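Heads up: the structure comes next, in structure tokens.
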Amino acid sequence: MPICIECRHPVKTLWREGGGGKSGGHNIRLTVCKNCGRFCDKYVEHDFVVMFIDLVLIKPQVYRHLLHNTLMKDKDEFAPSIIRLGILLLLFDVYLTWARIERGQSASVPDPDSPGVSHASANFGRLAQQPIVFQYMFFLLLCTLSTIAFHGSIRFLTSSRLSPLALLGILPRYSRPNSVSTALLVSSSTKLFPILMVIWEYDVPAAARSLGWAVVANNVEALKILLDCGYGTAALLATAGAVSRWAMGRAVLWAAGLEGVDAGSGATEVAEDGRAFMAMLAYLRDWAGRLAVG
């Protein structure tokens, strides 16, 4: 049953068809919620661009529209649009991971046979000398396994009978695991921002880190709305998923002999994140100044 995106009150219908006009068309009239007095779902009349902007702004109403009123299936099946979105996000993740690891190593690929080159750098040099299809398949496997670990860990914690959260009474068992994955995919749509590289050139590693923080914030909001839990529990689930993704990525890199690639100290990563955040603020300030000047 659909819900009101403002107060989450169950409703029978989100809209009804009005009378036809002289042109023979029909008008759609939004249903007013009897509980809060507002439109049950205003996004019925909004296009995808508006919904995407509100997703970026982490508005809970758009998440309720997508997760409860649009994408939910009676038998907990994936909507075709969600499958396409998942594939698209995976392909973008492959590109970002590949670019981050390659640029994180060096501007030029190291010679694996030169003296003084570490074991991981030598293996990465050999990987870089392989055909482009082989390299792409390696990073596709890396991102696929990392994504499976991310979704699998959160699905286990929310939907499994053996979940420690359910056994401890922290979170009631949620019987629709595919809906959990749907929420995670929808909230990860900010990963599509790298498409802006077609227009502007920017630092890929810094952009990947910034996108990572944005995706985590959206994941927390989506889990909170779907599971009707607190921010603490949603943050715990998102953290568990992020740790599982990181561990799987480390395991794949270790199996390929690249255990030292794309790894750094925690202090270095925090400092880089801080510099990336300050650089982003400076860019936004300059952009706002140019916009004000006209």
Side-chain angles (χ1 to χ4, degrees), residues 52-60 62-64 66-67 82 85-86 88-97 99-101 104 142-158 165 170-171 174 177 179-196 202-250 262-264 266-281 284:
F52 182 76
I53 294 174
D54 286 351
L55 278 174
V56 175
L57 297 176
I58 319 181
K59 289 189 176 182
V62 69
Y63 278 107
R64 293 176 187 137
L66 292 173
L67 299 179
I82 288 300
L85 176 62
L88 185 61
L89 290 175
L90 178 62
L91 297 181
F92 268 84
D93 202 17
V94 169
Y95 168 73
L96 283 178
T97 303
R100 186 182 70 249
I101 292 179
L142 171 63
C143 293
T144 300
L145 292 178
S146 299
T147 302
I148 292 175
F150 174 71
H151 284 260
S153 60
I154 297 180
R155 287 164 65 107
F156 170 78
L157 291 175
T158 56
L165 298 182
I170 299 176
L171 181 70
Y174 191 75
S179 297
V180 175
S181 292
T182 297
L184 294 173
L185 290 173
V186 169
S187 59
S188 299
S189 58
T190 48
K191 286 185 178 181
L192 300 179
F193 272 117
I195 199 173
L196 296 176
Y202 52 84
D203 186 4
V204 173
R209 288 190 294 270
S210 301
L211 280 176
W213 287 108
V215 169
V216 169
N218 280 271
N219 290 157
V220 171
E221 185 67 30
L223 290 172
K224 174 185 177 296
I225 293 172
L226 179 68
L227 304 175
D228 194 18
C229 61
Y231 278 111
T233 304
L236 177 63
L237 292 171
T239 301
V243 171
S244 299
R245 176 195 288 271
W246 175 85
M248 178 60 72
R250 292 294 101 193
D262 192 35
T268 302
E269 292 180 355
V270 171
E272 290 179 351
D273 287 342
R275 287 195 294 269
F277 180 72
M278 295 304 296
M280 181 184 66
L281 291 180
L284 292 175

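Quick caveat, the model's predicted, so the values are computed rather than measured.
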Using side chain to side chain contact (heavy atoms under 4.5 Å, CB included) as the criterion, list what pairs up with [X], not counting sequence neighbours.
X: I148; result: T144
X: S244; result: A149, S153
X: I82; result: L71, F78, A79, L85, T182, L185, V186
X: I58; result: Y63, A217, N218, E221

Inter- and intrachain pairs under salt bridge (charged side-chain N to carboxylate O under 4.0 Å, His left out), touching residues 222-242, at least two apart: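 Passing the test, one end in residues 222-242: R8-D228.
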Measure the [atom1]-[atom2] distance between [X] and [Y] for me, rounded to the nearest 0.5 Å.
X: H151; Y: S146; atom1: NE2; atom2: OG; answer: 11.0 Å
X: R155; Y: L184; atom1: CZ; atom2: CG; answer: 9.5 Å
X: T239; Y: W246; atom1: OG1; atom2: CH2; answer: 14.0 Å
X: N219; Y: I154; atom1: CG; atom2: CD1; answer: 6.5 Å
X: S189; Y: L89; atom1: OG; atom2: CG; answer: 7.0 Å
X: L236; Y: L165; atom1: CG; atom2: CG; answer: 5.5 Å

Any residue meeting side-chain hydrogen bond (donor to acceptor under 3.5 Å, both in side chains) with R64, in chain and number order, not counting sequence neighbours: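 So R64 forms no side-chain hydrogen bond (donor to acceptor under 3.5 Å, both in side chains) with any residue.
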Do you know the tightest heavy-atom contact between [X] and [Y]?
X: R245; Y: T147; answer: NH1-OG1, 4.0 Å
X: A183; Y: L226; answer: CB-CD2, 3.8 Å
X: T97; Y: C143; answer: OG1-SG, 3.5 Å

Is there a side-chain contact between L237 and V180 (heavy atoms, below 4.5 Å)?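 Side-chain contact under 4.5 Å: no.
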Give a yes or no on whether the backbone of C229 and the side-chain of T233 come within a donor-acceptor separation of less than 3.5 Å.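 Answer holds: no.
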